[in-house]
Amino acid sequence: MKDLLRLRTSLTEEIEKVLNDQIKMEAEASAMYLAMSAWCDRNGFDFSAGYFKKQSDEEREHMLRLFKYVSDMGGRAISPAITNTQIEYDTFKGVFEQALQQEIAVTQSFNRIADRCQKSKDYVTFSFIQWFLKEQIEEEYVARRALELFDVIGEEGTGLYEIDKRVPKITYEDTYED
Ligand code: FEO
């Protein structure tokens, strides 16, 4: 029966599982960023609250993009249950440290998926995830730049206020121009 079901899709069970795991990871990231947005809002960091809300929306888009792919390929996409989202942070900087760690973890996860795709010769999925691999350059860049603001501007005086104002203005240029 299991094999019969698999006739409907070229996704192996292993690839379907890693994609569903990634769907969950993106949903967790979306929930994490929304909680960060709320924390920033509660603590008077209005610009960062808006920035994290936007990040949360982007992560949901990532989740839906993966979800659609699994469904389109005839696989079983699973709507994940998200629990234990961290809602409190000790410091403003701690929020950005966590955000960068999360993005690095996502990059590593997609690298592992790419590796699995190659090992199982699933070049359709391998091709599909190229978008995500490229997206991670920007995601990591922005998270790293945001965290660097704490060293560049400093946290004394109106430092945190300045950092908050600058966070949404960080932009990533993906073309090289001299
Ligand atoms: Fe969906 Fe921020 O990676």
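First listed ligand is number 1; within each ligand, the first listed atom is number 1. Nothing fancy with the numbering, it's 1 onward along the sequence.
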Discussion item. For the backbone of T125 and the side chain of Y69, can you confirm whether one donor and one acceptor N or O come within less than 3.5 Å of each other?
Written reply: yes
Worksheet item: Without hydrogens or angle criteria, can the side chains of T85 and E28 be said to hold a donor-acceptor pair below 3.5 Å?
Response: no
Worksheet, complete the sentence: Separation between CE (M25) and CD (E59), nearest 0.5 Å, reads 9.5 Å
Worksheet item: Taking the six-membered ring for Trp, are F45 and W39 parallel (under 30°), tilted (30 to 60°) or perpendicular (over 60°)?
Response: parallel
Worksheet item: Do the ring planes of F150 and F92 sit parallel (below 30°), tilted (30 to 60°) or perpendicular (above 60°)?
Response: perpendicular
Discussion item. When you compare the side chains of S30 and S56, does any donor N or O come within less than 3.5 Å of an acceptor on the partner?
Written reply: yes
Worksheet entry | Count, waters excluded, of protein N, O or S atoms under 2.8 Å from atom 2 (Fe) of ligand 1 | 4
